[in-house]
Amino acid sequence: MPVHTAHDRTALEDLLELLSAKKMVLIDTAGVAQRDTRTRELLDMLAHPSINKLLVVNTAVQGETIDDVMTSYRAAACKGIVLSKLDEAVKLAPALDAVIRHKQKIVAVANGQRVPEDWHRLSGQALVHRALRATGSPAYNFDASEMNLVFATPQMTERRPVPAGRA
Ligand SMILES: Nc1nc2c(ncn2[C@@H]2O[C@H](COP(=O)(O)OP(=O)(O)OP(=O)(O)O)[C@@H](O)[C@H]2O)c(=O)[nH]1
Ligand SMILES: [Mg+2]
């Protein structure tokens with residue numbers, strides 16, 4: 001497979017022009033963290049209307065991080081999401097939650113390192129089933145005394161008398 005490199009938007013546009021007769025051109029990007037200032041540059045470079053973007057989201061990271069990735073990587077402008085590392089993720093719900101809130105579509109999942117054997121398409125039903133499946137014991141368990149701290153309503157807490165002179 002012929003491989004070309006493009007370091008900026010002009011070079012990429014020139015290449016796309018050169019390859020316009022090809023049936024498919026796959027563009028891979030170098031990994032940049034979502035908070036890196038170069039992410040914006042990269043996204044601007046890929047803003048060409050002929051490019052269909054797929055965002056690969058690591059399912060095994062924390063929900064807030066997934067949300068941050070989807071916001072920084074402008075998931076709304078992507079054609080779909082690929083969820084990777086399902087085999088490593090203890091829970092799938094945080095990733096599904098982020099995808100639903102960003103109103104995106106999951107086009108594929110990966111559950112291992114083998115390509116293409118570990119790439120799959122999963123139905124919405126299968127994803128939900130997997131998200132709701134019991135996942136062993138949680139990393140943190142409340143004990144009885146902590147339950148009162150979490151669920152106490154303001155009316156239930158004891159009212160302290162106001163000290164004299166500070167009414
Ligand atoms: N267990 C597991 N490993 C995966 C999965 N997908 C990718 N990996 C591994 O994760 C590592 C990184 O994968 P890459 O495909 O290089 O990820 P990338 O996002 O292209 O990385 P950069 O180009 O550096 O941004 C490799 O060792 C992959 O084999 C998966 O679904 N499960
Ligand atoms: Mg890569």
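The model shown is predicted, which means the values in this text are computed figures rather than measured ones. Counting starts at 1 for both ligands and their atoms, following the listed order.
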| atom 25 (O) of ligand 1 protein-contacted, heavy-atom criterion under 4.0 angstrom | yes
| Within the structure, does at least one protein heavy atom fall under 4.0 Å of atom 12 (C) of ligand 1? | no
| query | What's the shortest distance from atom 20 (O) of ligand 1 to any protein heavy atom, and which residue and atom give it? | reply | D28 OD1, 4.9 Å
| field | atom 1 (N) of ligand 1: the protein heavy-atom neighbour that sits closest, reported with distance to 0.1 Å | value | D87 OD2, 2.8 Å
| message | Using only atom types and a distance under 3.5 Å, with no angle test, would you say the side chain of E146 pairs donor to acceptor with the backbone of D143? | response | yes
| message | Heavy atoms only, cut-off 4.0 Å: how does D118 contact ligand 1, side chain, backbone, both, or neither? | response | neither
| said: Please determine whether a side-chain nitrogen of the Lys or Arg among R35 and D68 lies less than 4.0 Å from a carboxylate oxygen of the Asp or Glu. | reply: yes
| Protein heavy-atom partner closest to atom 23 (O) of ligand 1 - residue, atom, separation in Å | G31 N, 3.7 Å
| Heavy-atom count around R101 CZ within 6.0 Å, excluding the residue itself: above 12? | yes
| task | Could you check D118 against D87 for side chain to side chain contact (heavy atoms under 4.5 Å, CB included), going step by step and ending with a plain yes or no? | result | CA-CA 10 Å; D118 295 327; D87 56 315; over 6 Å; no
| said: Please check whether L86 reaches ligand 1 - meaning an N/O of the residue sits under 3.5 Å from an N/O of the ligand, judged on distance alone. | reply: no
| Neighbour count >12 (heavy atoms, 6.0 Å) for atom NE2, H48 | yes
| query | For V32 and ligand 1, does the shortest N/O to N/O distance drop below 3.5 Å? | reply | no
| query | For atom 15 (O) of ligand 1, is the nearest protein heavy atom under 4.0 Å away? | reply | no
| Where is the nearest protein heavy atom to atom 28 (C) of ligand 1: which residue, which atom, and how far? | Q113 NE2, 3.9 Å
| message | With side-chain contact (heavy atoms from CB on, under 4.5 Å) as the test, pick out the partner of L83 among V107, T59, N111. | response | T59
| Closest approach of any protein heavy atom to atom 30 (C) of ligand 1, naming residue and atom | G112 O, 3.2 Å
| field | Minimum heavy-atom distance between Y73 and L55, given as atom pair plus value | value | CB-CD1, 3.7 Å
| task | Assess whether atom NZ of K53 is packed by more than 12 heavy atoms of other residues, nucleotides or ligands within 6.0 Å. | result | yes
| Considering residues, nucleotides and ligands other than E117, do more than 12 of their heavy atoms fall under 6.0 Å from its CD? | yes
| Exercise check, heavy-atom protein proximity under 4.0 Å to atom 18 (P) of ligand 1 | no
| said: Regarding atom 4 (C) of ligand 1: of the candidates R114, K85, E88, which has the closest heavy atom? | reply: K85
| request: Determine whether any heavy atom of V56 lies closer than 4.0 Å to an atom of ligand 1. | output: no
